[in-house]
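To keep things clear, I will list the structure first and then write my remarks on it.
All chains are named by letter (A, B, ...) in the order of the sequence lines, taking the proteins before the strands, and each is independently numbered beginning at 1. Computation of the quantities below employed the complete heavy-atom set of this structure, encompassing side-chain atoms and omitting hydrogens, waters and symmetry-equivalent molecules. Just so it is clear, the structure is predicted and the values come from calculations on it, not from any experiment.
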Amino acid sequence: MSLAARAAWSRTLLLVFALVMLAATLSAQSAGPASQSSEFVIKNATILTASHGRIEHGSIYVKNGKIAAVGTDVSAPAGVQAVDVNGAFVTPGIIDPHSHMALDDDVNEATSPVVPHMMMKDAFVYTDKEIYRALAGGVTSALLLHGSADMIGGQAVVIKTKFGLSRDQMLFPGAPQSIKFASGENPKRVFGSKGQLPSTRMGNFEVMREAFIQAQEYRREWDEYNAKAQKGDKDAKMPHRDLKLEALADVLRGKLLVQIHIYRADEFLTEIALANEFGYKIRAFHHALEAYKVPDEIAKSGAAIATFSDWWGYKYEAFDAIPWNATMAMRHGVRVAIKSDSDDYIRRLNQEAAKTMRYGGATEDEAIKMITINPAWIIGVDDKTGSIDVGKDADLVLWNSYPLSSYALADKVWIDGQLFFDRSTPGYGMPNYKSDPEEGQ
Amino acid sequence: MKKLICTTLLLSAFTLAQSAPAPKTVVVKGAKLLTVSHGTIENGTIVLSGGKITAVGAAAEVKVPAGAEVMDGKGLTVYPGLIDSETHLGLTEVQADEMTNDLVEASDEIMPHMHVYDGFHAESTLIPVTRYNGITNAIVAPDDKDTLPGQDSFIQLYGANSNAMILGRDVAMPLNFTGAQRRNESFSKAKFPQTRMGMAAQLRQTFIDAQEYVRKGDENNAKAADKREHIKRDLKLEALVPYLKGEKPVVLEANTASEFDAAIALAQEFKLKIVLNHLSHAQQVLDQIAALKVPVIVGPIYDMPKEDERYDSVYKLPAELQKRGVKVLFASYDAHQSRNLPYAAGYAVAFGLPYDEALKAITLYPAEVWGVADKLGSLDVGKQANVVIANGDPLDVKTEVKRVFIGGIDVPMVTKQTILRDQYGGGTK
């Protein structure tokens with residue numbers, strides 16, 4: 001069995017296992033999110049679709065966890081519950097393309113600058129209430145990434161924030177694997193302080209180049225072996241499997257989405273040059289606070305950016321950050337997402353997106369895209385979620401007021417058509433919920 | 001010679017930039033005026049002249065003075081400059097670069113003789129960024145790593161230099177009682193005070209020493225002039241005197257119910273006049289807090305809840321306190337993100353704080369608590385013209401601030417960030 005086939009087989013096994021677990025949980029639970037009907041119609045809503053603008057007085061028909069219909073002429077089939085929301089806003093679930101929540105500080109294996117074989121799913125604390133708090137802010141999916149201590153920190157995990165379910169039920173089915181690179185001040189500080197390579201930006205990139213040259217060798221050995229084996233060559237000697245180089249070879253094969261932590265304009269250019277030198281694609285630049293200085297180069301590379309709306313000045317390479325960054329890059333054709341990188345900000349990404357309207361005059365549609373379909377693309381799940389379109393996962397948020405404001409709160413959050421958060425029911429979807437003393441007063 | 005000319009030119013340009021422009025007479029006609037003190041005037045006119053507000057009222061009733069710049073206020077909202085009740089503006093530039101930080105003298109726990117005005121960097125790039133969002137005044141406090149980290153200054157976010165920007169020196173003293181000031185948790189390296197008990201004992205001893213210092217001084221002063229002794233000055237104890245006499249407020253930081261109880265007992269023991277600060281996790285003692293009848297600086301509202309708290313427990317705290325009659329103030333507790341102060345107030349509205357109270361929490365209430373309500377905090381005739389003009393609701397994220405007047409001066413809407421924006425072709429929006 002080739003490596004690829006082996007990986008596919010194990011993925012299938014995992015999926016089957018996940019489905020069995022899901023079925024078991026669904027039948028075991030008598031209350032809470034899983035018992036909710038997954039077939040319903042939300043009617044008379046103001047729908048911000050993220051793909052085809054705003055729909056006034058619209059309806060969304062949810063069936064089997066998917067969006068079965070959306071528009072102004074959708075009506076509930078016989079026997080299906082229709083809820084009139086009186087013009088309230090509905091958006092796609094918010095997607096955070098950069099979070100470190102629920103990792104219990106297991107974010108950096110900072111003992112070597114190149115550790116691509118670290119798997120975030122091995123550290124994922126699926127019981128962490130940070131997930132519930134993000135969910136309460138309308139977040140339905142997130143990319144949980146490594147930190148930036150290492151030049152290559154490891155492989156991320158994509159989750160749906162189905163708080164209360166098991167780990168495997170929270171992993172986003174079919175999401176591609178992302179790998180995290182870093183650059184700049186953090187790696188050079190972490191390793192420089194140990195008196196190790198890298199301690200400069202020059203050192204940073206040398207470490208990367210060295211790693212990819214080894215990966216090229218490794219890929220060549222395996223390609224040669226697989227070719228021989230395929231021809232039926234019984235004498236072909238299987239090379240030694242090295243998880244670290246295997247991951248890097250997968251970067252070279254284009255199998256992993258490359259997510260890069262970066263700040264400075266010059267480093268964007270160096271990262272793009274490095275990607276071209278070794279022939280891999282960069283999926284997204286994260287933080288990307290100086291993207292506005294080199295937007296054309298970023299647009300040309302095809303990479304997106306996942307940036308803060310207005311966070312700045314916390315270190316020197318963040319000192320030239322400006323809150324117009326997102327809109328300036330967007331006007332040059334860069335796909336832009338607003339991300340949290342914070343257990344706090346993830347709870348109100350809608351407000352962070354609204355700041356792009358205040359700075360730079362993003363339209364409502366552009367601002368909504370920055371926290372839904374654009375981050376979905378960065379994670380590689382834009383074919384499954386991120387907009388309100390027929391066939392997509394029913395990941396939806398019902399808001400109590402205009403979502404791009406200081407005042408909006410998520411009233412209800414559905415993931416795959418199931419209700420996971422309901423503000424009118426304290427503790428809804430939260431296992432072992434204990435009301436606080438204020439409750440009942 | 002050429003070099004000399006260049007230097008002279010540069011110097012004169014520098015001098016020009018530094019000399020503050022004179023306040024002009026500006027009229028905003030037909031705008032929505034959020035007066036804070038006497039409600040909202042939907043179609044109102046405001047006149048700024050000689051650095052003060054000289055008229056506020058319905059558009060039909062206010063006379064436009066001759067020679068004034070008249071601005072069409074249609075679609076605009078005018079409100080008093082916002083006041084951040086605790087920031088680190090002027091004490092830091094780049095957080096990770098220690099040489100740019102003057103946040104706190106962490107060499108000892110008891111440092112009441114540190115004065116923010118001695119370290120305040122008036123030319124900080126953070127200040128224009130903050131006022132760009134309509135914040136015109138702030139309390140600058142040292143970081144809360146010490147139990148008594150020094151004394152606060154009340155600043156104005158525009159002026160020729162630090163003297164002009166510091167409106168009030170030593171206006172209040174933070175007293176941090178969160179337990180975070182414990183010096184070392186490991187026994188092997190432990191240094192006093194290692195526990196909350198140690199912190200409290202150290203603080204109590206300090207106040208007792210200061211009381212004695214006051215008593216000795218008073219006794220000495222009561223003696224006939226020729227009988228007086230020389231009393232050696234002790235800056236640390238001297239700094240505490242106005243606070244022990246109840247002349248100035250002590251800003252008491254306690255996060256949780258138990259910290260609140262212990263800190264209040266201590267404050268009462270020494271009859272301190274207090275403002276409560278940073279109460280994010282005190283849901284169990286809301287009624288006790290209200291009974292004290294003291295102002296409370298809440299939050300930050302963005303604090304994460306504790307493990308056993310509801311997801312919205314911190315968000316709701318301002319509304320819960322206000323409901324019990326507490327005067328609520330807001331602070332950013334930050335330097336770089338101080339500009340987001342109005343949005344924190346807006347978020348409290350989402351969680352039940354009445355809108356008018358949220359606006360007061362960043363205008364009139366801080367003006368009252370920090371002793372400047374005769375000059376700041378509302379749109380009233382005679383007050384200083386610290387006035388903001390925006391295209392909508394000040395508490396909403398989308399709202400764009402168009403002009404900021406400080407002391408009647410039309411402050412240039414230029415920051416390090418707008419310069420970079422324009423340099424890289426971001427236009428003027």
Please find the pair of heavy atoms, one from [X] and one from [Y], that lie closest to each other, and give the distance.
X: Arg358(A); Y: Val397(B); result: CB-O, 3.2 Å
X: Arg347(A); Y: Pro305(B); result: NH1-CD, 3.7 Å
X: Gln417(B); Y: Ala321(A); result: NE2-O, 3.2 Å
X: Asp343(A); Y: Met304(B); result: O-CE, 3.3 Å

From CA spacing to verdict: side-chain contact (heavy atoms from CB on, under 4.5 Å), Asn340(B), Lys355(A): CA-CA 10 Å; Asn340(B) 286 326; Lys355(A) 286 178 186 166; 3.4 Å; yes
Chi angles and distances behind the side-chain contact (heavy atoms from CB on, under 4.5 Å) call for Gln337(B), Trp311(A): CA-CA 7 Å; Gln337(B) 302 307 106; Trp311(A) 216 2; 3.5 Å; yes
Plane angle bin for Tyr359(A) and Tyr132(B) - parallel if under 30°, tilted between 30 and 60°, otherwise perpendicular: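 Parallel.
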Pair Tyr314(A)-Asp97(B), side-chain donor/acceptor within less than 3.5 Å: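 Side chains of Tyr314(A) and Asp97(B): no pair found under 3.5 Å.
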Donor-acceptor side-chain pairing of Arg421(B) and Asn325(A) below 3.5 angstrom: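 Arg421(B) vs Asn325(A): no donor-acceptor pair found between side chains.
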Salt bridge flag under 4.0 Å for residues Asp312(B) and Arg423(A):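 The answer is no: the pair does not qualify as a salt bridge.
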Short side-chain to backbone donor-acceptor contact, Ser406(A) and Tyr347(B), under 3.5 Å: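 No.
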Main-chain N/O of Gly313(A) paired to Gln95(B) side chain as donor or acceptor, under 3.5 Å: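 A pair under 3.5 Å: no.
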Between [options], which shows the greatest number of heavy-atom pairs under 4.5 Å with chain B?
options: Arg133(A), Arg189(A), Glu130(A), Glu185(A); result: Arg133(A)
options: Lys315(A), Lys129(A), Arg331(A), Glu352(A); result: Lys129(A)
options: Tyr316(A), Tyr132(A), Trp312(A), Phe319(A); result: Trp312(A)

From CA spacing to verdict: side-chain contact (heavy atoms from CB on, under 4.5 Å), Lys398(B), Tyr402(A): CA-CA 11 Å; Lys398(B) 294 186 301 296; Tyr402(A) 185 59; 3.7 Å; yes
Within the 6.0 Å centroid threshold, strictly below: Phe421(A) and Tyr311(B):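 Between Tyr311(B) and Phe421(A), which both carry aromatic rings, the centre distance is below 6.0 Å.
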Interatomic spacing from CG in Leu420(B) to CG in Asp320(A) - rounded to 0.5 Å: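 Answer rounded to 0.5 Å: 4.5 Å.
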Distance in Å, Asp128(A) CG paired with Glu307(B) CD, rounded so as to fall on 0.5 Å steps: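 Spacing of CG (Asp128(A)) from CD (Glu307(B)) equals 7.0 Å.
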[X], part contacting chain A, at a heavy-atom distance under 4.5 Å:
X: Thr415(B); answer: neither
X: Pro342(B); answer: neither
X: Asp303(B); answer: backbone
X: Glu93(B); answer: both
X: Val401(B); answer: both

By side chain to side chain contact (heavy atoms under 4.5 Å, CB included) - contacts of Asp144(B) (at least two apart):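 Here the qualifying residues are Asn176(B), Glu253(B), His278(B).
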Ala408(A), part contacting chain B, at a heavy-atom distance under 4.5 Å: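 Looking at Ala408(A), just its backbone touches chain B.
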Within 45° cone and under 6.0 Å: Arg348(A) NZ/CZ vs Tyr302(B) ring: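 Relative to the ring axis of Tyr302(B), which defines the angle, Arg348(A) lies inside both limits.
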